[in-house]
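Computed from a prediction, not measured in an experiment: that's the story for all the values here.
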Protein chains: 2
Amino acid sequence: MARKTGSHSDITGPRVRAAALKLFAAHGFAAVSMRQIAAEVGVQAGALYLYTPDKQSLLFDLLRDHMQEVLDAWEAEEKPEGPVAQLETFSRFHIRFHLERPEKVFISYMELRNLEPDNFEALGQMRRQYENALEGILKRGQDEGLFDVDDTKLTTLALISMLNGVTSWYKPDGRLSLARVESIYSDMAGKAVRMPRWKERQRKLEAKQAAE
Amino acid sequence: MARKTGSHSDITGPRVRAAALKLFAAHGFAAVSMRQIAAEVGVQAGALYLYTPDKQSLLFDLLRDHMQEVLDAWEAEEKPEGPVAQLETFSRFHIRFHLERPEKVFISYMELRNLEPDNFEALGQMRRQYENALEGILKRGQDEGLFDVDDTKLTTLALISMLNGVTSWYKPDGRLSLARVESIYSDMAGKAVRMPRWKERQRKLEAKQAAE
DNA sequence: GTCTATAAATCGATAGAC
DNA sequence: GTCTATCGATTTATAGAC
């Protein structure tokens, strides 16, 4: 059965999104024109509107799908017992997941301000959901006396900022392997929030004295 | 002596830059038009070109002047003795300086990609110069056995990412005072790189045994 | 020093041929 | 499904009146 010439709806759609992702990451949403995206795909500008109602939806769909993918992946990640191991799992997961999708991560937080209000709010809710996963770990660690954190919310944001920073310099063929970067960052995250051993000993000592 | 009506070269110039800063920070360089900037200043679009040769220079001047201000301010900062205290000084300086100029900090790293190649390179050199100030502290601390850092360059970037993150959520009238945010972040930075006491004891013990 | 007017290019999005 | 052509709005930047 002969196929109609130029009928590629099933593959052109994803190619449009891939081109938009690439160009938004490289030059910024506002600086990229629909004609540039079309050229990257290899079609004319008008053809793009078969796959997206407008430019804004193109951006929103990319960001929403990415955040959903993060949330699903963390949900599916196997969690060890105890806040200390969970923090390491989270740090390594975050680094790995983000380094495997550098462009999506980049636009997910560079282009938030180019979302229309409703879309912005929707993304904000998903982001907070992800932050809550980390804050939950910190809270449990704090309750169990394993972490020494001044403010779990602030610390959550500080750790995520630190982990996100990796995307701004990491190069897959660079000096450091992904596994090593994962280790260094998760070590730093752990050390930044763990209860120091001397403090823990002092705490136990005081508890013992109070019991006498 | 009568002053010519509408002659405000001395004050309009800074007002143009202030308006550009405000709008670039709020909406992004590419999304802001010269007409919007002119409206913010209260003049017509054509008048802007008395104060800048083009839109690109307006952005570059803002970013370059900001980076120069950072470098000068760190140069002028009083440095204590020893890497541990210096790291705290750096952390507190960075947090304070950046929170006092949220818009400049924001565009300084959101709008880098909108710089033309030569301008981009110039900014990159200034940024590396600032990073080197922190890396120098980490290196000295590492040499003196006070820090336990896997890789000084990577750690430098991780710490700066963490400290920069504060600008994305801090509100002057929020729950936490500037002094408290400074303390929490500098504590986290210190803990993330400091040699743990037990490790330091072990190191001294081994050195002693080796000497016997 | 600021204005109005405008040039020349480009933008997002649509209409209609094939 | 893709193309060409185009509308209408907007862009940066300049020219010239005042």
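Partners of A/E103 by salt bridge (Lys or Arg N to Asp or Glu O under 4.0 Å), not counting sequence neighbours: none found.
Within residues 52-65 of chain A, no residue has any heavy atom closer than 4.0 Å to DNA chain D.
Nucleotide C/dT14 holds its C1' atom 13 Å from the CG atom of A/L48, rounded to whole Å. Rounded to whole angstrom, the span from the CD1 atom of A/I37 across to the C1' atom of C/dT10 amounts to 15 Å. Atom pair A/F29:CZ and C/dG12:C1' shows a separation of 10 Å (rounding to whole Å applied). In this structure, CG of B/L50 is placed 16 Å from P of D/dG16, rounded to the nearest angstrom. In this structure, B/Y49 atom OH and C/dT4 atom C1' are separated by 16 Å, rounded to whole Å.
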Give every pair of a protein N or O atom and an N or O atom of nucleotides 4-6 of chain D that lie under 3.5 Å apart, one pair per line with the distance.
{"from": "D/dT4", "atom 1": "OP2", "to": "A/Q44", "atom 2": "NE2", "distance (Å)": "3.4"}

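Between C/dG12, C/dT2, D/dT2, one nucleotide has an atom nearer to the side chain of A/Y51 than all others, and that is D/dT2. In this structure, of C/dA13, C/dT2, D/dT11, it is C/dA13 that holds the atom nearest to the side chain of A/M34. Ranking C/dT2, C/dG12, D/dG1 by closeness to the B/T12 side chain, first place goes to C/dT2.
B/Y185 and B/W169 have parallel rings, their planes meeting at less than 30° on a 0 to 90° scale where 60° marks the start of perpendicular.
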From CA spacing to verdict: ring pair (Phe, Tyr, Trp, His ring centres under 6.0 Å), A/F90, A/W74: CA-CA 8 Å; A/F90 183 92; A/W74 174 246; 5.1 Å; yes
Mind running side-chain contact (heavy atoms from CB on, under 4.5 Å) on B/M126 and B/V70 for me, showing each step along the way? CA-CA 10 Å; B/M126 299 177 83; B/V70 178; over 6 Å; no
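For the pair B/R101 and B/F97, the cation-pi criterion (under 6.0 Å, within 45° of the ring axis) is fulfilled.
For the atom pair A/L21 CG and A/F106 CZ, the distance stands at 11.5 Å (nearest 0.5 Å).
Note on A/D65 versus A/R17: salt bridge recorded, some NZ/NE/NH1/NH2 to OD/OE distance being below 4.0 Å.
Of the side-chain N and O atoms in A/S33, one or more sit less than 4.0 angstrom from OP1 or OP2 of C/dC11.
Among the protein residues, B/V41 comes within range of no part of the nucleic acid, since none of its heavy atoms lies under 4.0 Å from any strand.
Between B/V149 and B/K139 the shortest side-chain heavy-atom distance does not fall below 4.5 Å.
The main-chain N or O of A/L134 is never found under 3.5 Å from a side-chain atom of A/Q86 such that the two would form a donor-acceptor pair.
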